[in-house]
Amino acid sequence: MNRCLSRRRFSAWALSAACALGMVGTAQAVEEPADVFIKRVSGDILEAIKADKSIHSGDVNKIVVLVDQRVMPNVNFLRMTASAVGPGWRQATPEQQKRLQEEFKALLVRTYAGALGQVNDQTIVVKPLRAAADDKEVLVRTEVRGKGDPIQLDYRVEKTADGAGWRVYNLNVMGIWLVENYRSQFAQEINAKGVDGLIASLADRNKTNARTSK
């Protein structure tokens with residue numbers, strides 16, 4: 001992380017980010033406002049996590065399934081990865097971009113796997129939305145409430161061009177925007193070793209995380 005976080009603070013950050021990324025892909029017959037979308041899907045994922053003992057035991061394979069089925073349909077992960085990589089994304093070949101998305105996804109899954117097992121009595125409170133009805137990109141502010149102090153959790157969401165609803169493309173947990181946090185890290189890797197160097201670094205981190213999680 002770029003900012004110094006205590007272990008307790010990072011645990012809260014990771015837990016909230018895990019819940020934030022846990023979007024449930026349920027099609028809606030009527031278009032939802034952005035705040036209703038966030039309230040629905042964040043509540044659904046909290047309940048799904050609480051009900052799955054495999055996730056609580058740290059089963060990474062089960063967590064990967066959860067991410068693929070419930071997170072990805074509601075996140076513009078292409079935009080998220082491209083924004084995190086920054087200017088280097090335009091330099092990358094299609095194959096490199098594919099690898100970057102795969103390794104970034106694996107990094108996020110491994111980073112938040114432990115936090116998912118800590119979900120118990122948390123609830124999401126959505127704050128009043130400040131947006132016009134025709135806005136295509138909206139900031140939705142929420143709080144995660146449970147034991148201890150409330151945790152700030154803000155989402156940047158975009159309205160899809162095909163009318164499929166909203167997609168999350170960035171999130172802010174306790175003052176840290178996920179995309180910007182990784183962008184500075186990735187920029188250092190690209191400046192030092194190029195796009196292939198960043199891919200190799202992410203792959204190495206993921207292998208290390210996989211070994212330590214066993």
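In what follows, residues are counted from 1 in the order of the sequence shown. Note that the coordinates shown come from a computational prediction; the quantities given were computed from them, not determined experimentally.
Taking the side chain as every heavy atom from C-beta outward, Val195 and Leu100 approach each other to under 4.5 Å. Within the 4.5 Å cutoff, the side chain of Arg130 has no heavy atoms near those of the Leu139 side chain.
The side-chain contact (heavy atoms from CB on, under 4.5 Å) test applied to Asp204 returns no partner, not counting sequence neighbours. Checked against side chain to side chain donor-acceptor pair (under 3.5 Å), Lys98 has the following partners two or more places apart in sequence or in another chain: Glu102. Partners of Asp196 by side chain to side chain donor-acceptor pair (under 3.5 Å), not counting sequence neighbours, listed by chain and number: Gln96. For Lys127, the salt bridge (charged side-chain N to carboxylate O under 4.0 Å, His left out) partners two or more places apart in sequence, or in a different chain, are Glu143. Lys105 is linked by a salt bridge (charged side-chain N to carboxylate O under 4.0 Å, His left out) to Asp68, counting only residues two or more places apart in sequence or in another chain. With sequence neighbours left out, the side chain to side chain donor-acceptor pair (under 3.5 Å) criterion links Glu47 to no other residue. Taking Ser201 as the reference, Glu189 meet the side chain to side chain donor-acceptor pair (under 3.5 Å) condition, with sequence neighbours excluded. Residues that satisfy the side-chain contact (heavy atoms from CB on, under 4.5 Å) test with Ala200, not counting sequence neighbours, are absent from this structure. For Asp52, the salt bridge (charged side-chain N to carboxylate O under 4.0 Å, His left out) partners two or more places apart in sequence, or in a different chain, are Lys62.
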Throw together a table of side-chain donor-acceptor distances under 3.5 angstrom for residues 157-171, partners on residues two or more places apart or in other chains.
residue : atom : partner : partner atom : Å
Glu158  : OE1  : Arg79   : NH1          : 2.5
Glu158  : OE2  : Asn76   : ND2          : 2.4
Lys159  : NZ   : Glu31   : OE2          : 3.2
Thr160  : OG1  : Asp162  : OD1          : 3.0
Thr160  : OG1  : Ala164  : N            : 2.9
Thr160  : OG1  : Gly165  : N            : 3.2
Thr160  : OG1  : Gly165  : O            : 3.0
Asp162  : OD1  : Ala164  : N            : 3.0
Trp166  : NE1  : Glu32   : O            : 2.8
Arg167  : NE   : Pro73   : O            : 2.8
Arg167  : NH2  : Pro73   : O            : 3.4
Tyr169  : OH   : Glu137  : OE1          : 3.0
Asn170  : OD1  : Val179  : N            : 3.1
Asn170  : ND2  : Glu180  : OE1          : 3.0

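Taken from CD in Gln97 to CD in Glu95, the straight-line distance is 10.0 Å, to the nearest 0.5 Å. Of the inter-residue distances, the one linking Arg156 atom CZ with Asn172 atom CG reads 8.5 Å to the nearest 0.5 angstrom. Rounded to the nearest 0.5 Å, atoms CG (Leu178) and CZ (Arg183) are 11.0 Å apart. Atom CG of Leu198 sits about 11.0 Å away from atom CD of Gln188, to the nearest 0.5 Å.
Residues in residues 170-179 take part in no salt bridge (Lys or Arg N to Asp or Glu O under 4.0 Å) pair, two or more places apart or across chains. For residues 84-108, every residue pair satisfying the ring pair (Phe, Tyr, Trp, His ring centres under 6.0 Å) rule, not counting sequence neighbours, is listed here: Phe77-Phe104, Phe104-Tyr182, Phe104-Phe186.
Following chains of ILVMFWY side-chain contacts shorter than 4.5 Å, one can reach Val140 starting from Met174, so the two form part of one hydrophobic cluster. Side-chain heavy atoms closer than 4.5 Å link hydrophobic residues (I, L, V, M, F, W, Y) into clusters, and following such links, even through other members, never connects Val36 to Leu129.
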